[in-house]
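Encoded as structure tokens, the structure appears first; notes follow it.
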Amino acid sequence: MPRFYFDLRRDGVTETDHDGLELPSVHVARAEAARAAAEMVKESLAADAVGLNIAVRDDRGAALFEVAALLRIGPADRPPPPGGAGEVK
């Protein structure tokens, strides 16, 4: 079974996953990354803004894809930034 590594980036800091998870496919890894990002945002609801990225690598270290999650809470009369909700960097 292939191993996937989930590197977390938030607040300008990257936490490299050295252990990884054995998962049956890249599709399952994508679902796991999305679930983990949503859970981390949910756990941070007390903050006015939460942004994070999870970069997923294969067992050779090749970048496969990235999941970005962003939650902003602000005044109702404030217009959204250009491009919608914004980008997580």
Side-chain angles (χ1 to χ4, degrees):
M1 193 172 308
R3 185 172 291 272
F4 298 91
Y5 297 84
F6 300 81
D7 300 332
L8 173 63
R9 187 171 57 244
R10 67 176 153 192
D11 300 326
V13 177
T14 299
E15 297 174 31
T16 302
D17 178 2
H18 297 287
D19 300 321
L21 291 174
E22 285 187 348
L23 298 170
S25 70
V26 69
H27 300 291
V28 174
R30 183 181 301 254
E32 176 60 22
R35 185 208 57 75
E39 186 64 30
M40 286 181 221
V41 168
K42 180 181 171 187
E43 291 173 358
S44 303
L45 287 179
D48 287 339
V50 178
L52 59 93
N53 295 62
I54 299 176
V56 180
R57 299 177 284 117
D58 65 14
D59 56 0
R60 293 170 295 159
L64 299 175
F65 58 88
E66 188 169 299
V67 172
L70 173 67
L71 173 69
R72 287 190 190 148
I73 301 171
D77 60 347
R78 186 172 135 203
E87 294 180 14
V88 179
K89 297 186 181 193

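Residues take their numbers from the sequence shown, with the count starting at 1.
To the nearest 0.5 Å, atom CD of residue E32 and atom CZ of residue F4 are 11.5 Å apart. A distance of 10.0 Å separates OG in S44 from CD in E39, rounded to the nearest 0.5 Å. Between the CD1 atom of I54 and the CG atom of L8 there is a distance of 6.0 Å, given to the nearest 0.5 Å. Here the straight-line distance linking atom CG of L23 with atom CE of M1 works out to 8.0 Å at 0.5 Å rounding. Note that CG of L52 is 10.0 Å distant from CD of E15, once rounded to the nearest 0.5 Å. The distance from atom CZ of R3 to atom CG of D59, rounded to the nearest 0.5 Å, is 8.5 Å.
No donor-acceptor pair closer than 3.5 Å links the side chain of D17 to the backbone N or O of D7. A donor-acceptor contact shorter than 3.5 Å is absent between the side chain of D11 and the backbone of V13. No donor-acceptor pair under 3.5 Å is formed between the side chain of R35 and the backbone N or O of R30.
Follow the hydrophobic side-chain contacts under 4.5 Å out from V26 and you reach F6 in the same cluster. A continuous path of hydrophobic side-chain contacts links V50 to V67 [ILVMFWY only; heavy atoms under 4.5 Å].
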**Prompt:** What's the verdict on side chain to side chain contact (heavy atoms under 4.5 Å, CB included) for R57 and T16, showing C-alpha distance, side-chain angles and the deciding distance?
**Reply:** CA-CA 10 Å; R57 299 177 284 117; T16 302; 3.8 Å; yes

